[in-house]
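Here is the structure we will look at, set down as structure tokens.
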Amino acid sequence: MLKVEGLVKKYKDLEVLKGISFEVEKGSVYGFLGRNGAGKTTTMNILTGLIDFNKGNIAYNGKDFKENKRGILRLIGYVPQEPVFYGYMSAYEYLAFMGELSGMSINSIRLRSEEVLDIVGLREAAKRKVGGYSGGMKQRFAIAVSLFNSPEMLFLDEPTSALDPEGRMEILKLINDLKQQGMTIFFSTHILNDIERVCNQLSILEAGNIVISSDLRSLKDKYIKPIYDIELEGGVKELAERLQGLPWIQKVMIENSKIAVYVKDIEISKQELIKIVAESGCNVISFNLRKSDLEDIFIRLVNHNENI
Amino acid sequence: MRTFKAYLKKEVLEAARQYRYLIIFIGVVFFAIATPIMLRLLPKLLEAQMNADLSSFFTINRRTAIQNYIGDLVEISYLIIILVFSGTLSDELSFRKLVFPYSKGGSPAGMVFAKFLHNSLTTVLAVFVGFAVNYYYANIVISGEGASINEVMTSALLVSLYFLFGISLAMIFSSLLKKGLTAGIVTLAVSYSMIPLSGLGVLKKLAPYNLIQAANKFSMEGTLPVITATIIMIIAIIALTCYRMSRVEIIS
């Protein structure tokens with residue numbers, strides 16, 4: 001749906017984006033992960049037509065972004081990190097303004113206003129001036145504005161970073177709802193947990209470069225640590241000695257009643273290890289594959305050290 | 001066209017909610033009422049202060065009352081109008097209010113045209129109302145030689161055109177500078193610095209300030225070059241503003 005190739009953005013001598021490439025599939029929730037200052041917002045601003053870029057190509061549904069900019073922008077929605085509205089307008093008035101800008105009829109504006117305000121739970125505050133809204137309400141209203149013209153793709157720039165836990169959960173639930181409806185979402189954040197909750201594809205951006213682009217499942221499979229933690233009641237040494245001799249096991253470490261089994265081949269270990277433990281006759285208290293979360297993977301990738 | 005329509009409505013709402021109409025109409029109409037009264041009272045005030053009859057030093061009639069009003073319009077009302085409208089684009093840019101409209105595919109040219117049209121219509125209306133009120137009061141308060149309503153409306157038209165030139169200048173500086181006040185001060189500096197230049201060489205016929213000199217004469221005679229030149233300059237400045245707004249980075 002969206003293809004970005006070799007995107008470069010410079011501010012005088014400072015190269016903020018150094019030729020990044022990635023592709024967003026239709027219907028996916030694409031996480032754009034990176035530390036503050038990595039270039040996430042710059043990428044967002046380019047993709048939503050707010051700033052220009054120096055080199056590279058952007059194609060939306062096969063159409064060149066620069067040549068078809070206004071037409072493409074009518075198909076997308078954008079929620080900036082800090083949304084700004086005309087504060088003297090009520091929510092209804094602002095949505096009417098956006099509707100007219102999108103060429104909607106008065107009737108469609110009226111109906112759609114009620115719909116989007118319902119979605120974000122702001123119907124009761126719709127007659128109040130937007131300037132008097134709280135931060136969370138403004139964020140929700142920004143989503144209503146971005147959804148107003150029923151866009152094909154939604155860009156969300158760190159929508160949860162300034163919210164309290166409750167507000168954050170509401171936004172994530174909304175993203176999940178939109179995902180269920182088949183909307184394509186491009187979601188930038190530095191909150192790893194949010195990516196794990198809603199995204200199925202992601203890119204990790206570091207200092208203007210894409211460190212990795214992958215779907216979340218493959219990424220976890222690739223970087224998952226092949227270590228089993230087994231806790232036993234007795235027989236720890238005997239079991240460890242038996243495991244040490246197997247060709248698909250790298251090493252075994254003992255700590256009191258626990259054994260950490262480092263395996264070379266995760267697939268064989270999934271089938272064989274539990275059988276061997278069962279055959280040993282030891283009483284098993286716990287048996288776990290040590291999983292690494294996105295935070296581990298992120299730190300390993302951005303520090304260029306996959307062995308951490 | 002959709003951007004133009006949306007912004008035109010938005011400008012009307014904004015001007016009403018932020019009391020811009022009120023400020024402009026007070027700024028223009030106040031002097032229309034005050035100038036004839038002040039002119040009527042001035043000799044009496046001076047006489048009371050200096051204990052002498054100074055009426056022979058003043059030529060005060062309905063015509064001079066309107067000419068004095070034109071002077072007040074150019075010196076004070078112009079300043080008020082420019083300062084009110086100088087933030088029209090800079091505020092939108094610096095406070096990032098254009099993020100949603102631009103990211104929805106809004107047309108920069110549509111926005112610029114809507115703003116210019118709104119600001120121009122407001123100003124022209126205020127100026128014509130001001131002249132009408134001034135004509136009415138001058139005829140009530142002051143006696144002597146007067147100008148016909150047609151002559152007064154001719155002056156209003158010429159003054160309006162000069163103000164439109166100022167509004168176009170304010171718009172381009174507003175698109176170039178981050179603060180509305182700075183854009184206003186630069187616009188006023190450029191406008192006032194053009195006054196002495198308007199008497200030099202070819203500028204004598206083409207400089208917009210000559211519209212004010214013609215307005216003081218209540219006549220359109222010989223004004224075709226300056227009217228044409230001013231309209232061309234306004235169109236060029238608005239075209240440049242559209243170009244600037246289509247190239248500007250909304251988030252810098």
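Being a predicted model, the structure only gives us computed values, none of them experimental.
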Counting distance only, does the side-chain N/O of [X] pair as donor-acceptor with the main-chain N or O of [Y] below 3.5 Å?
X         : Y         : result
Arg70(A)  : Gly106(B) : yes
Glu249(B) : Leu50(A)  : no
Lys104(B) : Gly99(A)  : no

Could you tell me which portion of [X] (side chain, backbone, both or neither) has an atom closer than 4.5 angstrom to a non-hydrogen atom of chain A?
X        : value
Lys97(B) : both
Glu14(B) : both
Phe4(B)  : neither

**Salt-bridge contact Glu93(A)-Arg17(B) (side-chain N to carboxylate O under 4.0 Å)** = yes
**Short N-O contact, Glu100(A) and Arg2(B), less than 4.0 angstrom** =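 Judged by the 4.0 Å cut-off on N to carboxylate O distance, Glu100(A) and Arg2(B) do not form a salt bridge.
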**Prompt:** Is there a side chain to side chain contact (heavy atoms under 4.5 Å, CB included) between Tyr86(A) and Glu92(B) once you walk through the steps?
**Reply:** CA-CA 9 Å; Tyr86(A) 297 115; Glu92(B) 302 251 14; 2.4 Å; yes
**Request:** Report the distance from atom OG of Ser103(B) to atom CE of Met44(A), rounding to the nearest 0.5 Å.
**Result:** 11.5 Å
**Request:** With sequence neighbours left out, write down each residue that passes salt bridge (charged side-chain N to carboxylate O under 4.0 Å, His left out) with Arg168(A), or none if nothing qualifies.
**Result:**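 Per chain and number, Arg168(A) pairs via salt bridge (charged side-chain N to carboxylate O under 4.0 Å, His left out) with Asp194(A).
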**Prompt:** Hey, which of Pro80(A), Gly77(A), Gly71(A) has the most heavy atom pairs under 4.5 Å with chain B?
**Reply:**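 Ranked by heavy-atom pairs under 4.5 Å with chain B, first place is Pro80(A).
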**Option in Val145(A), Ile72(A), Thr48(A), Val79(A) with maximal non-hydrogen atom pairs under 4.5 Å from chain B** = Val145(A)
**Residues in side chain to side chain contact (heavy atoms under 4.5 Å, CB included) contact with Lys179(A), at least two apart in sequence or another chain** = Val29(A), Asn176(A), Asn200(A)
**Asked** Between Asp52(A) and chain B, which part of the residue has a heavy atom less than 4.5 Å away: side chain, backbone, both or neither?
**Response**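 Answer is both: backbone and side chain atoms of Asp52(A) are under 4.5 Å from chain B.
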**Message:** Apply side chain to side chain contact (heavy atoms under 4.5 Å, CB included) to residues Tyr7(B) and Leu101(A) and explain how you reach the verdict.
**Reply:** CA-CA 8 Å; Tyr7(B) 262 95; Leu101(A) 209 67; 4.2 Å; yes
**Prompt:** Using 30° and 60° as the class limits, which term best fits the ring planes of Phe100(B) and Phe85(A): parallel, tilted or perpendicular?
**Reply:** parallel
